[in-house]
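Have a look at the structure below before the remarks.
For the numbers below, each heavy atom of this structure counts, side chains included, while hydrogens, waters and symmetry mates do not. Per chain, numbering begins at 1; letters A, B, ... match sequence-line order. Everything numeric in this text was worked out from a predicted model, so none of it was measured.
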Protein chains: 2
Amino acid sequence: MNNQTTAITEELRARGLRVTAARRAVLEWLVSHPHATVEQVYLGVLRQLGTISRQAVYDVLSACVDAELVRQIKPSGHPARFERRTGDNHHHLVCRGCGRIADTDCHTSHAPCLSPSHDHGFEIDQAEVVFWGLCAACQSNERSGVDTVN
Amino acid sequence: MNNQTTAITEELRARGLRVTAARRAVLEWLVSHPHATVEQVYLGVLRQLGTISRQAVYDVLSACVDAELVRQIKPSGHPARFERRTGDNHHHLVCRGCGRIADTDCHTSHAPCLSPSHDHGFEIDQAEVVFWGLCAACQSNERSGVDTVN
DNA sequence: CGGTTTTCTTGACTCATTCAAGTTAATCGC
DNA sequence: GCGATTAACTTGAATGAGTCAAGAAAACCG
């Protein structure tokens, strides 16, 4: 068991989650593949472990999101994407064409816009900033009329 | 034809869209029902017109979104919602429980956070801010263990 | 090691949304 | 106003991400 695997094991234990092969593989895989979809995680872990069900990936990711080990991003009209939670408060660029996601740092450390004046009785737990646009690949494909699959 | 209906007719013409009963009814209905789902629009317009298909509502809304007469909001895990485009740059509070949406104004007129430093080759056209939380109704229902349908 | 509880597997199901083919109705030129 | 053209609408089937449910497997605790 290498260092990273040990660290992941500890993280799981610290949140009271059982340590399973599926969980270790999913978390380890996410480190090298940020913003992955369920399908991508499934295929990646399948190749590594040899066997896992799609449902298990859903379960693992859902448990890890609840335990705040993983952050879930759900861009409109595209399947959800997942990334290891790093604690830094970065935002996301989402491509309207292929759903690809890129990280972007906040210009200002403290974002004044992120505390709404009127909360309408809402109990707010998260502010989310998403920048929409077209990634480089989709820009050129749009010109040539080709569709992109990410 | 009242003033509002006339205004809607002009707006449609101005964007090169044909003026149909369905489009007028959908747009008119949205004025009094912001953040409506497709289903809600469908039922509302059905009651008013007597006949319309769900698909027509999808088509009308999609055409109006393209023509920038309507703004579409797609909260994760909830059906899309629609509102007349007013030009003001307000943001949305979304309830995790029932998907209900409330408007909130930006604290600052100019949002420094909304121009990402590094664009990774993306051509950015929109910045979106969403506040996630629980609305008043879902807060009390969560305490009493009841589910809410909005 | 055995019991308990969580997690994983399999497969069916949901539901918003999209697709496709054919019909209807706005708009344009006459 | 009236037919031709083209955009919209109707109907019904299909898609696909995600969820649910029941039973099997495997972590963890003592």
What is the separation between atom [atom1] on [X] and atom [atom2] on [N], rounded to the nearest whole Å?
X	N	atom1	atom2	result
B/Leu17	C/dA25	CG	P	19 Å
A/Leu61	D/dT19	CG	C1'	15 Å
A/Ile52	D/dA26	CD1	C1'	14 Å
B/Gln55	C/dA21	CD	P	14 Å
A/Asp59	D/dA25	CG	P	17 Å
A/Arg24	D/dA27	CZ	C1'	11 Å
B/Leu46	D/dC9	CG	P	15 Å
A/Lys74	C/dA16	NZ	P	14 Å

- Closer than 4.0 Å, any side-chain N/O of B/Thr20 to the OP1 or OP2 of D/dC9?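 Yes, within the criterion.
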- Message: OP1 or OP2 of C/dG11 versus the side-chain N and O atoms of A/Arg54: is any pair under 4.0 Å?
- Response: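 Answer is no, no contact under 4.0 Å.
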- Message: As a test of reading the structure: which of C/dT17, C/dT9, D/dA26 is closest to the side chain of A/Arg18, going by heavy atoms?
- Response: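 Closest nucleotide among those given: D/dA26.
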- Task: Name the closest nucleotide to the B/Pro79 side chain, picking from C/dA16, D/dC9, D/dA17.
- Result: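 Between C/dA16, D/dC9, D/dA17, the one nearest the side chain of B/Pro79 would be C/dA16.
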- Query: So does B/Glu10 pair up with B/Arg15, basic N to acidic O under 4.0 Å?
  - Reply: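 Not counted as a salt bridge, because no side-chain N and carboxylate O are separated by less than 4.0 Å.
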- Item | Residue mapping more 5' on DNA chain C - nearest nucleotide basis, B/Val19 or B/His78 |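 That would be B/His78.
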- Item | B/Arg13 vs A/Ala56, nearer the 5' end of DNA chain C by closest nucleotide |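 Nearest nucleotide further toward 5': that of A/Ala56.
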- Message: Working note: A/Asp125 + B/Arg96, criterion side-chain contact (heavy atoms from CB on, under 4.5 Å); need CA distance, chi angles, decisive distance, verdict.
- Response: CA-CA 10 Å; A/Asp125 59 59; B/Arg96 287 189 195 284; 2.7 Å; yes
- Polar side-chain atom of A/Arg71 near backbone of A/Arg85 as donor-acceptor pair, under 3.5 Å: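 No, because the side chain of A/Arg71 does not come within donor-acceptor range (under 3.5 Å) of the backbone of A/Arg85.
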Scan [X] against the nucleic acid and name what it touches under 4.0 Å (heavy atoms): base, sugar-phosphate only, or nothing.
X	answer
B/Ser53	base
A/Ala80	sugar-phosphate
A/Ala21	nothing
A/Ala63	nothing

- Query: side-chain contact (heavy atoms from CB on, under 4.5 Å) between A/Thr37 and A/Phe82: does it pass, once the steps are laid out?
  - Reply: CA-CA 6 Å; A/Thr37 61; A/Phe82 299 85; over 6 Å; no
- Message: Between B/Arg23 and B/Leu12, does the side-chain contact (heavy atoms from CB on, under 4.5 Å) criterion hold? Intermediate values first, please.
- Response: CA-CA 8 Å; B/Arg23 288 181 175 165; B/Leu12 285 168; 3.9 Å; yes
